[in-house]
Amino acid sequence: MFTLRRMPVTAASQTMTMCLKTCFSIPLIPYTMYLKELSRRYRNDMTKRQNWLYEEALDRYTDNHGIRFYHKSEYDRHDKVGYTRHFIAYQAEQRDDPEGYHWSTTRAGRQRQISVNPHWEKQKAFIRSQLDDEAAKTVFAQRKIEVEPVFGNLKANLDFHRASVRGLPAVSQ
């Protein structure tokens with residue numbers, strides 16, 4: 001039913017997509033912020049965009065100070081390895097009252113903006129739903145026993161401080 005793929009815990013959007021398309025398996029890998037997002041402190045922190053009110057019909061976010069962020073534009077970013085990520089930019093409404101002006105602008109006086117990657121948000125929701133399943137939890141719990149301590153000890157004992165390989169072509173070499 002579930003297969004455990006030995007992939008980096010910090011698997012990026014392209015790695016998740018590749019695993020779903022080519023391996024035909026569900027990756028039971030939490031994204032980097034998964035465990036942090038489950039904490040009570042993170043869920044109650046209203047400065048995080050994930051905790052803001054999102055009105056889908058109006059396509060806008062409302063932050064903890066009542067500042068509304070409206071859809072401004074869409075743009076793409078390209079990685080060094082050629083992967084394209086699509087983002088939606090939202091801009092804070094312009095407020096005239098002193099307090100509203102303070103929360104809707106940056107220190108430099110520009111309107112605040114946020115960017116959302118809808119593809120990554122869908123993948124995060126999918127992984128969250130997979131890891132909330134009881135069968136998946138038992139499979140994922142095995143990872144702590146089998147894989148993580150070994151890599152942790154190796155990295156600590158060999159003084160690995162930073163190693164980053166991104167994209168399928170870099171891994172294949």
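All figures in this text were calculated on a predicted structure; none of them were measured in a lab.
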A.B. asks: For Asp79 and Val81, indicate whether the former's side chain and the latter's backbone hold a donor-acceptor pair under 3.5 Å.
C.D. replies: no
A.B. asks: How many angstroms lie between atom NZ of Lys122 and atom CD1 of Ile127, to the nearest 0.5 angstrom?
C.D. replies: 15.0 Å
A.B. asks: So that I can tick it off, tell me whether Arg85 and Asp76 are bridged by a salt bridge, with the cut-off set at under 4.0 angstrom between side-chain N and carboxylate O.
C.D. replies: no
A.B. asks: Any side-chain heavy-atom pair from Ile114 and Tyr61 closer than 4.5 angstrom?
C.D. replies: yes
A.B. asks: Locate the shortest heavy-atom distance separating Lys124 from Glu37; write the atom from each residue and the value.
C.D. replies: NZ-OE2, 3.3 Å
A.B. asks: Check whether any side-chain N or O of Gln111 sits under 3.5 Å from a backbone N or O of Ala92 as a donor-acceptor pair, and report yes or no.
C.D. replies: yes
A.B. asks: Do Asp59 and Tyr54 have side-chain atoms, one donor and one acceptor, less than 3.5 Å apart?
C.D. replies: yes
A.B. asks: For the OG atom of Ser104 and the CG atom of Asp97, what is their distance to the nearest 0.5 Å?
C.D. replies: 8.0 Å
A.B. asks: Kindly indicate whether a cation-pi arrangement holds for Arg128 with Tyr34, taking the cut-offs as under 6.0 Å to the six-membered ring centre and within 45° of the axis.
C.D. replies: no
A.B. asks: Could you go through the side-chain contact (heavy atoms from CB on, under 4.5 Å) check for His78 and Tyr83 one step at a time?
C.D. replies: CA-CA 6 Å; His78 305 284; Tyr83 190 79; over 6 Å; no
A.B. asks: Determine, using the 4.5 Å side-chain heavy-atom cutoff (strictly less than), whether Phe126 and Met33 are members of one ILVMFWY cluster.
C.D. replies: yes
A.B. asks: Check for me, please, whether Phe69 and Met46 land in the same ILVMFWY cluster - side-chain distances under 4.5 Å, paths through other members count.
C.D. replies: no
A.B. asks: Does Tyr75 form a side-chain contact (heavy atoms from CB on, under 4.5 Å) with Ile88? I'd like the steps, not just the answer.
C.D. replies: CA-CA 7 Å; Tyr75 62 95; Ile88 300 174; over 6 Å; no
A.B. asks: Other residues, nucleotides and ligands only: do more than 12 of their heavy atoms fall within 6.0 Å of CD on Gln94?
C.D. replies: no
A.B. asks: Could Arg60 and Glu93 be called an ion pair, given the rule that one side-chain N must be under 4.0 Å from one carboxylate O?
C.D. replies: no
A.B. asks: Please confirm whether the backbone N or O of Arg110 pairs with a side-chain atom of Thr106, one donor and one acceptor, at under 3.5 Å?
C.D. replies: yes
A.B. asks: Using the rule that Ile, Leu, Val, Met, Phe, Trp and Tyr join whenever any side-chain heavy atoms are under 4.5 Å apart, tell me whether Tyr90 and Leu58 fall into a single cluster.
C.D. replies: no
A.B. asks: With rounding to the nearest 0.5 Å, note down the distance linking NZ in Lys36 to CZ in Arg41.
C.D. replies: 8.5 Å
A.B. asks: Between His86 and Glu74, is the side-chain contact (heavy atoms from CB on, under 4.5 Å) condition met? List the steps.
C.D. replies: CA-CA 7 Å; His86 182 73; Glu74 297 186 18; 2.8 Å; yes
A.B. asks: side-chain contact (heavy atoms from CB on, under 4.5 Å) for Arg112 and Thr105? Distances and angles first, verdict last.
C.D. replies: CA-CA 5 Å; Arg112 281 176 54 203; Thr105 56; 5.8 Å; no
A.B. asks: Write down the atom of Asn51, the atom of Asn44, and the distance for their closest heavy-atom approach.
C.D. replies: ND2-N, 4.5 Å
A.B. asks: Atom CD in Gln91, atom CD1 in Ile67: separation rounded to 0.5 Å?
C.D. replies: 12.5 Å
A.B. asks: When rounded to the nearest 0.5 angstrom, what distance separates OG1 in Thr84 from NE2 in His119?
C.D. replies: 11.5 Å
A.B. asks: Under the ring-ring contact (aromatic ring centres under 6.0 Å, His included) test, which residues partner Tyr42, sequence neighbours left out?
C.D. replies: none
A.B. asks: Compute whether any side-chain donor of one residue and acceptor of the other, for Arg95 and Tyr101, lie under 3.5 angstrom apart.
C.D. replies: no
A.B. asks: Drop me the distance from Asp132's CG to Glu134's CD, to the nearest 0.5 angstrom.
C.D. replies: 9.0 Å
A.B. asks: I'd like to know if the side chain of Asn117 and the backbone of Trp120 have a donor-acceptor N/O pair within less than 3.5 Å.
C.D. replies: yes
